[in-house]
Amino acid sequence: MLLEAVYHRPKQNWAYAYDGNTLHLRVRTKKNDATLVEAVVGDKYAWEQTLTTVPMRIMSSDARFDYWETAVVPPFRRLRYAFRLISGSETVILTDKGFEAELPDNSNTFFDFPYINPVDVFEPPAWVKDAVFYQIFPERFANGDPSLDPANVLPWGGEPTPQNFFGGDLQGVLDHLDHIAELGINAVYFTPLFEATTNHKYDTQDYMKVDPHFGTNEKLKELVDACHARGIRVLLDAVFNHSGKTFPPFVDAQLHGQQSKYADWFHVREWPLQVVNGIPSYETFAFEPLMPKLNTEHPEVKKYLFDVARYWIEEIGIDGWRLDVANEVDHQFWREFRQTVKAVNSEAYILGEIWHDSMMWLQGDQFDAVMNYPLTNAVLDFFAYQTIDAAAFTDAIGAQLAAYPQQVTETAFNLLDSHDTPRLLTICDDNIGAMKLSSLFQLTYPGTPCIYYGDEVGMNGSGDPGCRKCMVWDPAEQNAELLRFYQAAIHLRHRYSALRSTDIRFVHIGQAGGTLAYERREGKQRILVAMNARAEAADLRFAIEAASSENGLTPYVVEFTGFASKQEATLATDEALKAPVSTLSEESTEDLNAEAALDGSQAASAVQTEISHKASWRVLLSSAGEHSEGTLISSHSDGLLQLTLPAYGFIILEQTTA
């Protein structure tokens, strides 16, 4: 066993409270190295009366590692634990002290989760798990009130530039709520709505006022109420890293220099405020003079921005905030921001814009989620750019699943494009099939998917400003078939809780590089998704058990046997430590691995059950004409399932109970 690959540390994504009673424990081993991993657990103050061994399963794998996981309910909300790792005839024990050949006689050197304090349990809003978001760039969605148009407004549908305007407004969104609702959307994210000079509004002038080109605060309240009446939540964009150059405190600092009462509201390197050789004398977003960086450590700045955060939730009724350039703002500001927002609405969703690993912001004291760009990149690399094969893709997904606690994965904001990137169809080189597969994976993957406005009707466009075109409303110019696909796929996500769970297992990774199949489970639901992400038809042939060998992460309840005499306790401990370990022989392991490897199939579970029963699957959605909805497909008696998929084809199956 390669001990250098073994890793664990308490807290973060390795040992965390999933709820007020349950701990999740994880440990990493070299891929395909350990054949069995167990957690040896107990209460540190009642060790002899609680000592037990808990089995672990492989939750995910990547190119180098397997990630093992178990869930434990301690009897008194605290837990000491070690890991027993087995590879063939080799057994090692991992404790906080390091590796041991034998399990220590006492638990003093074990890992320690001191206590599950309820206030420390990270609980993102429950509604987000069931949300499908729709991102709207307000200036380009719909012009519903021409009386609000800027003086230099252009006819709808013209070529976008960084500076021009087309008159999109809040009334336009109100006028098209039917389209949003019929698509299956139940949450909307707006890029900034507050008064600003640009078309994108990321240079805020007045944080307490809707931009007059969009409408009024009262109109936004009307829109929020109308959305809520349809079961649609509303998320606004908060630009708290920086303001706009026309923000009154910055204007005052420009006029009065160091004598301004707002001089300390900004990060100034040198007075006066000016731009020399393209470099502002004050800190900004990037080097953009229009966007001076706010000093979020200043008490007055914090009070002002916290008042803003409260106002739009209390008075307008929004359901949360998306936070622009969130990683450039200090952590303490976000901690206090969270307390401010959650005090007003504990179910408000706090979403940070971060493009990289975000564990430091996702520990329950700052954000509920971040924009999941690592997932974005993996999906696009496989389905759109086709720069990686199915094995590399599933490795990337495995690493992503292991990177965060389960509740973070459940509410991660999963997007494929936005106002900051080229549109999905353009990324896919206008290949509708590749676009569908990208979106289908997004909509059948754990987390919260977000559709960028217009993608559902086939809009394309390169990076800014091409990705910010006017929404196409003429049905003759929309891709009606693509719209029906999005509606059907979103409907399936709402219908089947298994598609919203975190229980995902890859059961086939094609040797040819472009095919894969994975199952999604929750309760009695079992959904199988198969895809062919390349331009040639493909035959998929893989084994899948008739009944799931495991169904989610079932918590193991540690029992407290009660205090006994010292002699009885010693005998009980000795027996527990001497208990034989349930493991597999090397021959059995080889047999099971051979079954799992059939035709390139890989399964992310430690132990494969024997595949010997026929199973029936009902088609829910398919790209192939011969597989209409409701068609039954059966595996062979040995569990072998054969599927033929056309180029960029897919099929979604539900296991029948018959």
Side-chain angles (χ1 to χ4, degrees), residues 8-29 34-60 66-86 91 93-96 103-104 107 110-118 120-122 401-402 405-407 409-410 501-505 521-524 547-562 572-573 575-584 604-609:
H8 173 82
R9 66 173 301 164
K11 300 290 185 170
Q12 296 187 346
N13 55 313
W14 297 98
Y16 60 90
Y18 178 69
D19 55 34
N21 300 299
T22 309
L23 291 176
H24 287 185
L25 304 178
R26 295 175 179 174
V27 65
R28 187 189 76 188
T29 64
T35 53
L36 185 71
V37 177
E38 299 171 319
V40 181
V41 305
D43 184 274
K44 60 185 174 183
Y45 299 122
W47 185 247
E48 293 86 357
Q49 295 78 22
T50 56
L51 176 61
T52 190
T53 299
V54 180
M56 303 187 74
R57 67 167 190 170
I58 295 179
M59 63 161 293
S60 70
D66 290 326
Y67 301 91
W68 299 76
E69 178 183 55
T70 193
V72 180
V73 179
F76 303 107
R77 293 192 179 182
R78 56 187 179 243
L79 197 74
R80 275 189 178 166
Y81 59 95
F83 299 103
R84 181 188 283 124
L85 304 103
I86 301 162
T91 298
I93 307 297
L94 175 64
T95 69
D96 195 30
L103 194 71
S107 66
F110 282 33
F111 295 105
D112 194 353
F113 197 100
Y115 192 76
I116 302 176
N117 290 290
D120 293 332
V121 178
F122 182 19
L401 289 169
Q406 180 176 320
Q407 57 263 56
T409 298
E410 289 172 343
S501 77
T502 55
D503 195 353
I504 181 170
R505 183 173 72 124
R521 294 168 291 183
E522 184 167 271
K524 295 182 179 180
S548 183
S549 59
E550 52 181 281
N551 190 354
L553 187 61
T554 303
Y556 185 95
V557 179
V558 178
E559 294 185 359
F560 172 60
T561 60
T573 301
E575 290 303 314
L577 295 178
K578 294 175 182 177
V581 177
S582 298
T583 185
L584 299 172
S605 61
V607 180
Q608 297 293 318
T609 58

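On a predicted model such as this, the values are computed, not experimentally measured, just so you know. If you read the sequence from its start, that first residue is 1, and numbering goes on from there.
In this structure, Thr91 contributes its side chain and Ile86 its backbone to no donor-acceptor pair below 3.5 Å. No side-chain donor-acceptor contact under 3.5 Å links Gln407 to the backbone of Asp19. The main-chain N or O of Pro55 is found under 3.5 Å from a side-chain atom of Thr70 such that the two form a donor-acceptor pair.
A search for salt bridge (charged side-chain N to carboxylate O under 4.0 Å, His left out) contacts involving Glu69 returns Arg26, Arg57, not counting sequence neighbours. Checked against side-chain contact (heavy atoms from CB on, under 4.5 Å), Val557 has the following partners two or more places apart in sequence or in another chain: Val73. The salt bridge (charged side-chain N to carboxylate O under 4.0 Å, His left out) check on Asp96 picks up nothing, with sequence neighbours excluded. Here Arg78 pairs with Asp43 under the salt bridge (charged side-chain N to carboxylate O under 4.0 Å, His left out) rule; sequence neighbours left out. By the side chain to side chain donor-acceptor pair (under 3.5 Å) test, Tyr18 is found to be paired with Gln406, Glu410, residues two or more places apart in sequence or in another chain being considered. Qualifying side chain to side chain donor-acceptor pair (under 3.5 Å) partners for Thr95, counting only residues two or more places apart in sequence or in other chains: none.
Heavy atoms only, all atoms of each residue included: Leu401 and Met59 are closest at O-CE, 3.5 Å. Heavy-atom minimum distance, Pro10 versus Ala15: CA-CB, 4.0 Å. Residue Arg77 comes nearest to Gly20 through the heavy atom pair NE-O, 3.4 Å, listed as atom of the first residue, atom of the second, then distance. The minimum heavy-atom distance linking Ala46 with Thr50 is given by the pair O-OG1, 2.7 Å. Counting all heavy atoms, side chain and backbone alike, Asp112 lies closest to Pro114 at O-CD, 3.4 Å. The two residues Ser107 and Arg80 have their closest heavy-atom pair at OG-NH1, 3.0 Å.
Rounding to the nearest 0.5 angstrom, the gap separating the CG atom in Leu103 from the CD1 atom in Ile93 is 5.0 Å. With rounding to the nearest 0.5 Å, the separation of CD in Glu559 from CG in Leu51 is 13.0 Å. Phe110 CZ to Leu94 CG: the interatomic distance, rounded to the nearest 0.5 Å, is 10.5 Å. In this structure, the separation between CG on Leu36 and OG1 on Thr29 is 11.0 Å, given to the nearest 0.5 Å. Put simply, CH2 on Trp68 and CD on Glu38 are 10.0 Å apart, with the number rounded to the nearest 0.5 Å. We find the OH-CD1 distance between Tyr16 and Ile116 to be 12.0 Å, quoted to the nearest 0.5 Å.
Tyr81 and His8 have perpendicular rings, their planes meeting at more than 60° on a 0 to 90° scale where under 30° would count as parallel.
Annotation: Phe111 is not in aromatic contact with Trp14 [ring centroid separation under 6.0 Å not met].
Residues Val558 and Pro75 form a side-chain contact, since some pair of their non-hydrogen atoms from C-beta on lies under 4.5 Å apart. Between Leu23 and Val41, the closest side-chain pair of non-hydrogen atoms is not below 4.5 Å. Under the 4.5 Å side-chain criterion, counting only non-hydrogen atoms from C-beta, Phe76 is in contact with Phe560.
Note that Lys44 lies outside the cation-pi zone of Phe113, set by a 6.0 Å cut-off to the ring centre and a 45° limit from the axis.
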